[in-house]
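Scope of the values below: all heavy atoms of this structure, side chains included, with no hydrogens, waters or symmetry mates.
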Amino acid sequence: MQEFGLIGLGVMGKSLCRNLAGKGFHLSLYNRFVPVTEENVATGFIAGYAELATASGFQEIEPFVASLQLPRKIFLMVPAGDAVDEMIASLLPHLSANDVLMDGGNSFYKDTERRCKQLQQAGILYIGTGVSGGEEGALKGPSIMAGGSLEAYNLARNFLDSIAAKDITQKPCCAFIGNGGAGHFVKMVHNGIEYAEMQLLAEIYSILRFTCKYNPDEIAGLFTTQLATSLNSYLLEITVEVLQKKEGDQWLIDNILDKAGNKGTGGWTTIAACELGVPVPTLTAALFARYQSEFLEERKAAAELNPLKQDGAFVNTSELFNAYRLARIINHHQGFHLIEAASEKYNWNINLPELARIWTNGCIIRSELMVTLQSLLKDNKQLLQHPSIVSEVNKQYASFTNMVALATTNRVAVPCMSSAVHYLHAYTQEQSSANIIQAQRDFFGAHTYQRKDDTSGKKYHTNWINQ
């Protein structure tokens, strides 16, 4: 009998299988049968890797399930959405009470909540598992965010801990996040933070390329100098590699069409923020930047009507990276704020420092900043109120606004940096303009307002027209 089952042998599924097998686990692997296009996928995959010598391959559900030790532990690596529900429906007739199902895809957290309740009624234990790290992370050690059934997590923990990345103390970057959809929620927000981290790097590139007229090698050189500083991150490292890649005498980056795709998690993050009433403008700006890039023909037509004059300008690169540093802090602040709000609403009791810890290695947003945030979140969940961050804001504020102003003057789009500046202004502004909004709402819709000179919370309405 085999110890662990995995369903779905796409890129991530295969890498996780090799990771598990490399840790000495005996596996049963299942992949669907599709005539011509997907035949004997599992057995063919097993034959290709020595570490899978003890694994068994299947393309039928019943013998796959029967091959596993009780209670069974089955990891699903199938596309989010209907495919997960269809696979669960196929498995249920063959499962036994207390078997453990784990969904390792990017499922929507509310779907995970529903599946937890559905399977609990059937006596099956369920985990919605966020897995970050891409193909390389899945093979060498991802960051794993488990949510759902704590009992299920404890049964599967040995497997998950074994394949996870290790933090600086060699502790697995794997943790139980909370009940229900907590694991998939934090993975969703992780991806939202990731969107903004990527966009911020793209904006720094844009300033250097279009304002300073640096070529990709020169930009890569500037980025490389930051790899030994507190700005180092996985995304910065791979951006250096991207910029240096050539095809013959040409930089590959110059031949990549400027239309950015997305797989939905960024949009889910924005929707969740709207539902919870938490402002995440920097994360949302990154999403909308991708959307806007898709309208290539419209952009080309508009560029002909409104030609940009970019003669080049001097940029203080120290100031530029100081601005980048502060924008990243604000991005992470917004992400953790959203997670904290969801934790309170859904009673997940998410441990933010522990979450930051498992994001220090293995995942796409791993960075020196995340290592710092792990410690800071122990003192204050509102990062922008932590004394060291307040000091950083005061120190880098001028650089921050100078760079946004320079980009704007030179007609370089920096939506994430701009949104971060305005978020900071709104966050630190004791008197906002919301009193005007409330007066307008009361004028046309009698929505009422509260008064500064009445702290009871009483609602007031004014007959504006007759006064």
Side-chain angles (χ1 to χ4, degrees), residues 6-23 45 49 51 75-80 102-107 128-146 159-167 172-175 177 183-202 223 227 232-245 252-253 256 260-269 283 286-287 290 328 331-332 335 355-371:
L6 190 141
I7 294 175
L9 297 176
V11 171
M12 288 286 288
K14 287 180 177 178
S15 293
L16 286 170
C17 287
R18 292 181 58 197
N19 190 340
L20 283 158
K23 302 300 187 297
F45 169 55
Y49 296 94
E51 63 265 34
F75 205 87
L76 308 181
M77 287 300 295
V78 300
M102 293 163 271
D103 174 13
N106 279 330
S107 287
T129 312
V131 179
S132 177
E135 179 181 4
E136 181 181 13
L139 178 62
K140 298 180 179 180
S143 174
I144 300 176
M145 299 143 260
F159 299 96
L160 301 178
D161 280 354
S162 295
I163 63 172
K166 303 299 185 289
D167 69 11
C173 290
C174 175
I177 304 302
H184 276 140
F185 186 92
V186 299
K187 176 55 165 61
M188 175 189 75
V189 178
H190 164 290
N191 287 15
I193 295 171
E194 175 187 309
Y195 273 41
E197 288 287 280
M198 295 169 71
Q199 178 63 28
L200 285 168
L201 281 167
F223 281 179
L227 296 179
N232 190 22
S233 69
Y234 169 73
L235 285 170
L236 182 60
E237 292 170 4
I238 68 169
T239 304
V240 170
E241 297 293 328
V242 164
L243 291 170
Q244 292 175 331
K245 186 70 173 179
L252 175 57
I253 192 66
I256 295 178
N262 74 94
K263 291 191 174 180
T265 48
W268 291 349
T269 303
L283 283 67
L287 172 69
R290 294 195 187 192
R328 292 186 64 219
N331 174 35
H332 285 73
L355 178 60
R357 183 193 69 77
I358 68 171
W359 284 350
T360 60
N361 199 12
C363 72
I364 302 299
I365 60 172
R366 62 186 185 264
S367 67
E368 292 297 324
L369 174 60
M370 193 66 74
V371 175

query = What do the steps show when you test His184 against Asp103 for side chain to side chain contact (heavy atoms under 4.5 Å, CB included), and what is the final call?
reply = CA-CA 9 Å; His184 276 140; Asp103 174 13; 3.5 Å; yes
Pair Val131-Lys187, side chain to side chain contact (heavy atoms under 4.5 Å, CB included): steps then yes or no = CA-CA 7 Å; Val131 179; Lys187 176 55 165 61; 5.6 Å; no
Smallest separation among heavy atoms of Ile193 and Leu283, with atom names = N-CD2, 3.8 Å
task = Under the side chain to side chain contact (heavy atoms under 4.5 Å, CB included) rule, what do Met145 and Trp359 come out as? Steps first, then yes or no, please.
result = CA-CA 9 Å; Met145 299 143 260; Trp359 284 350; 3.3 Å; yes
inquiry  = Is the shortest side-chain heavy-atom distance between Val242 and Phe223 below 4.5 Å?
reply    = no
ask   = Of the non-hydrogen atoms in Ser132 and Cys363, which two are nearest, and what is the gap between them?
value = OG-CB, 3.2 Å
inquiry  = With rounding to the nearest 0.5 angstrom, report the CD1 to NZ distance, Ile163 to Lys23.
reply    = 7.5 Å
ask   = Looking only at heavy atoms, which two atoms of Thr269 and Met188 are closest? And how far apart?
value = OG1-O, 3.0 Å
query = Shortest non-hydrogen contact from Arg328 to Ser233?
reply = NH2-CB, 4.1 Å
message = To check you understand the geometry: which heavy-atom pair defines the closest contact between Lys14 and Leu9, and what is its length?
response = CE-O, 3.2 Å
query = Could you state the interatomic distance from CZ (Arg290) to CE (Met198), rounded to the nearest 0.5 Å?
reply = 4.5 Å
inquiry  = Run Asn361 and Lys166 through side chain to side chain donor-acceptor pair (under 3.5 Å) and show every step you take.
reply    = CA-CA 7 Å; Asn361 199 12; Lys166 303 299 185 289; over 6 Å; no
message = Would you compute the distance between atom CD1 of Ile365 and atom NE2 of His332 and round it to the nearest 0.5 angstrom?
response = 5.0 Å
Spatial distance of atom CD1 (Ile144) from atom CE (Met102) [nearest 0.5 Å] = 10.0 Å
task = Report the C-alpha separation of Ile177 and Ile358 in whole Å, then their side-chain angles, then the decisive distance to 0.1 Å, and conclude whether the side chain to side chain contact (heavy atoms under 4.5 Å, CB included) test is met.
result = CA-CA 10 Å; Ile177 304 302; Ile358 68 171; 4.1 Å; yes
ask   = Which value, rounded to the nearest 0.5 Å, describes the distance between Leu236 atom CG and Glu241 atom CD?
value = 11.0 Å
ask   = Judged by atom type as modelled, is there a donor-acceptor pair below 3.5 Å linking the side chain of Ser15 to the main-chain atoms of Val11?
value = yes
query = Which distance, rounded to the nearest 0.5 Å, do you find between the OG of Ser367 and the CG of Leu235?
reply = 8.5 Å
key: Minimum heavy-atom distance Tyr234-Ile364, with the two atoms named   = CD2-O, 3.5 Å
